[in-house]
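Here is the structure we will look at.
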Amino acid sequence: MPRILIVGGGLHFQRLLLDLSPDIGTTVLCRAGTLGSVQGIERHHAVVVLSDRASADDWSAAATAVDRLWPVDRIASFSEVDQDRAAAIADRLGLPFNSPSTVRAVNDKRETRARLRAAGIESLPHRPVDSVADLREFFDEAGPPLILKPSRARGSIGISLVRHASDIDRAFQRSVTASGPRIPPSPLLAERFVEGVGLCVDALTHQGEHHVLAVSETVVDPETQVDLAHVTPARLPEAAVRAVTAHVRAALDALGVESGLTNTDVILSPEGPVILETHLRASGNRIPELIRLATGTDIVRLWLRQIAGEDVAAVPELRRARPIPVHSRAAAVRFLTTGESGTLLGIDGWEEATTLDGVHHAARLAQDGAGLEGLQNDSSYLGEMVFVADTASQALERAEAAVGSLRVRVHPAEGPHGRRGPSPAERSSSGGQ
């Protein structure tokens, strides 16, 4: 029976891992702040909860005590929050996991850039930014446009686009103070903005070999750079897919990734692919579902089978992905957003849109009465719709048309000096925002 120590929370991943086999045993080691994301507490051998202020030594001591009482075979960690602790624990117990150095390099965008440059893989102009003066100096040196981002954030939190010198102060203040649940502010990284096709590359690394399972295309809001839609497969010629997958494999090598699922954000520019960031976890925004619909491969289940100790090298899904992913159809997700701030009054046309041809999934993510602050990050989505079709263009067009048919009604927030803006009818907006 594999005995797995899960470090951190993990939402539904813990339940899916236990569902693989009744022979799997798990103990969870987590901080108090993530206890709410531990599902099925009664199914775990034990759940050990540490203070949110516990030190790295506390975590290692707790893991050692667990291993002494209930010998551990494997280590798992499902999100970035506690991967550094999982890596240190695996290193201490002599168990397979990505190294502490790799986890640090992947989860810190400053370190990622340094690793890629040192390996000769990319030379994108970038600079750590600790002050407005640093950002202004880099702006003068590299020229616009620039992207400014917190080095340890995720979910598009704190990303600012700097097109003009007049944007610098606003962008710095927005990015330097950006935070979210379990995402504190972090040091900033500025880099040259890259024009091109946005992509997400999902891969499973097994015994040091990177198997690219899908290349999905991403559509972003041009001002906030927040994701609006994804489609699998990306609308690219085969030669471009080969170039992108080869580039991602080289980047994962440079970062020292040895095992597990990764998702890597890439821009395919006219000069070639450029890595934006990568993560040692499954993609969000329903991309694993798009991959399953388009390829037949459940990448999360494949990852969990690996965590449970299975040698997945000969699994048909991995063999089919050589040398590039194979798709039998296409799937797209489109998120409903609005740039308005205020109170959500309603979404007109939602029921009709959910019955359109090709719809696979539809869910409202914000209910009437919710407070809105415009499009800030991927927590700003009001709804999501997944469509399937024979081709990527068809799937994306169906999703865009469905969301574009919706009408979001917002009661505006109070303006300056307590004045209210136009009436809700005047401030309604299309879902195509």
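Heads up: numbering here begins at 1 and tracks the sequence. Hydrogens, waters and symmetry mates play no part in the numbers below; they use all other heavy atoms, side chains included.
A distance-only check finds no donor-acceptor pair linking the side chain of Thr34 to the backbone of Ser37 [under 3.5 Å]. Remark: side-chain polar atoms of Arg329 are paired, donor with acceptor, to backbone N or O of Leu293 under 3.5 angstrom. For the pair Asp134 (side chain) and Asp130 (backbone), a donor-acceptor distance under 3.5 Å is present. Side-chain atoms of Asn377 come within 3.5 Å of backbone N or O of Ser379 as a donor-acceptor pair. Remark: side-chain polar atoms of Asp52 are paired, donor with acceptor, to backbone N or O of Ala32 under 3.5 angstrom. The main-chain N or O of Leu375 is never found under 3.5 Å from a side-chain atom of Ser380 such that the two would form a donor-acceptor pair. In this structure, the side chain of Asp108 engages the main chain of Arg110 through a donor-acceptor pair within 3.5 Å. Looking only at distances, a side-chain donor or acceptor of Asn263 sits under 3.5 Å from a matching main-chain atom of Arg281. With hydrogens and angles disregarded, no donor-acceptor distance shorter than 3.5 Å links the side chain of Arg127 to the backbone of Glu137. A donor-acceptor pair under 3.5 Å links the side-chain atoms of His44 to the main chain of Gln39, judged by distance alone.
Below 30°, between 30° and 60°, or above 60°: for Trp303 and Phe78 the angle between ring planes is above 60°, a perpendicular geometry.
Of the inter-residue distances, the one linking Phe387 atom CZ with Leu356 atom CG reads 5.0 Å to the nearest 0.5 angstrom. In this structure, CG on Leu116 lies 5.5 Å from CD on Glu122, to the nearest 0.5 angstrom. Taken to the nearest 0.5 Å, the CD1 atom of Ile24 stands 11.0 Å off from the CG atom of Asp73. One distance of note links CZ of Arg249 with NE2 of His211; it measures 8.5 Å at 0.5 Å rounding. Distance check: Leu199 CG to Asp265 CG gives 9.0 Å after rounding to the nearest 0.5 Å. Atom CG of Asp23 sits about 12.0 Å away from atom CZ of Arg3, to the nearest 0.5 Å.
The shortest distance between side-chain heavy atoms of Pro185 and Thr177 does not fall below 4.5 Å. With a 4.5 Å cut-off on side-chain heavy atoms, Asn107 and Asp84 do not count as touching. Residues Val7 and Cys30 fail the side-chain proximity criterion, which asks for heavy atoms closer than 4.5 Å. Counting only heavy atoms from C-beta outward, the side chains of Leu146 and Glu191 never approach each other to under 4.5 Å. Between Ile121 and Ile275 the shortest side-chain heavy-atom distance does not fall below 4.5 Å. Residues Glu258 and Glu209 have side chains not in contact (no heavy-atom distance under 4.5 Å, counting atoms from C-beta outward). At a threshold of 4.5 Å between non-hydrogen side-chain atoms, the residues Leu20 and Leu16 do not count as touching. Residues Leu396 and Val219 form a side-chain contact, since some pair of their non-hydrogen atoms from C-beta on lies under 4.5 Å apart.
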Inset, instruction - Check step by step if side chain to side chain contact (heavy atoms under 4.5 Å, CB included) holds for Ile89 and Ile75. - result: CA-CA 8 Å; Ile89 289 167; Ile75 300 290; 4.0 Å; yes
Inset, instruction - Take Asp311 and His206, measure what side-chain hydrogen bond (donor to acceptor under 3.5 Å, both in side chains) needs, and give me the verdict at the end. - result: CA-CA 8 Å; Asp311 183 356; His206 187 66; 2.8 Å; yes
Inset, instruction - Report the C-alpha separation of His279 and Thr264 in whole Å, then their side-chain angles, then the decisive distance to 0.1 Å, and conclude whether the side chain to side chain contact (heavy atoms under 4.5 Å, CB included) test is met. - result: CA-CA 6 Å; His279 309 273; Thr264 305; over 6 Å; no
Inset, instruction - Take Leu268 and Leu236 through the side chain to side chain contact (heavy atoms under 4.5 Å, CB included) test and state the conclusion after the steps. - result: CA-CA 10 Å; Leu268 182 57; Leu236 297 175; 3.8 Å; yes
Inset, instruction - With salt bridge (charged side-chain N to carboxylate O under 4.0 Å, His left out) as the test, would you mind laying out the steps for Arg136 and Asp169 before giving the verdict? - result: CA-CA 9 Å; Arg136 197 174 302 281; Asp169 287 345; 3.2 Å; yes
Legend entry - Steps toward side chain to side chain contact (heavy atoms under 4.5 Å, CB included) verdict (Ile347, Leu336): CA-CA 10 Å; Ile347 301 173; Leu336 174 64; 3.5 Å; yes
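Between His45 and Thr27, the side chains place no donor N or O within less than 3.5 Å of an acceptor N or O (distance only, hydrogens not considered). Using modelled atom types and a 3.5 Å distance limit, the side chains of His230 and Thr218 yield a donor-acceptor pair. Between the side chains of Ser77 and Asp82, no donor-acceptor pair is found at a separation under 3.5 Å. Judged by distance alone, the side chains of His361 and Arg286 do bring a donor and an acceptor atom under 3.5 Å apart. Using modelled atom types, one finds no donor on one side chain facing an acceptor on the other under 3.5 Å when comparing Ser21 with Arg305. Checked by atom type, the side-chain pair Gln14/His12 shows no donor-acceptor distance below 3.5 Å. Side chains of His210 and Thr205: a donor-acceptor N/O pair is present below 3.5 angstrom, by distance only. Looking at Thr262 and Thr278, their side chains never bring a donor and an acceptor atom within 3.5 Å of each other.
Between Pro150 and Ser175 the shortest heavy-atom distance is CG-O, 3.6 Å. Closest approach of Lys109 and Ala153 over heavy atoms only: NZ-O, 2.6 Å. Minimum interatomic distance between Val231 and Ala392 (heavy atoms only, all atoms of both residues): CG2-O, 3.6 Å. The two residues Asn98 and Ser259 come nearest to each other via the heavy atoms ND2-O, 2.9 Å. Of all heavy-atom pairs between Arg398 and Ala389, the closest is NH1-CB, 3.7 Å. Considering every non-hydrogen atom in both Arg292 and His360, the closest pair reads NH2-NE2, 4.0 Å.
Under the side chain to side chain donor-acceptor pair (under 3.5 Å) criterion, Arg104 pairs with no residue at all, not counting sequence neighbours.
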Let me have the donor-acceptor pairs involving side chains of residues 61-72, under 3.5 Å, with sequence neighbours excluded, atom names and distances please.
residue	atom	partner	partner atom	Å
Thr64	OG1	Ser60	O	2.8
Thr64	OG1	Arg92	NE	3.3
Asp67	OD1	Val72	N	2.8

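In the displayed structure, Arg242 atom CZ is contacted under 6.0 Å by more than 12 heavy atoms of other residues, nucleotides or ligands.
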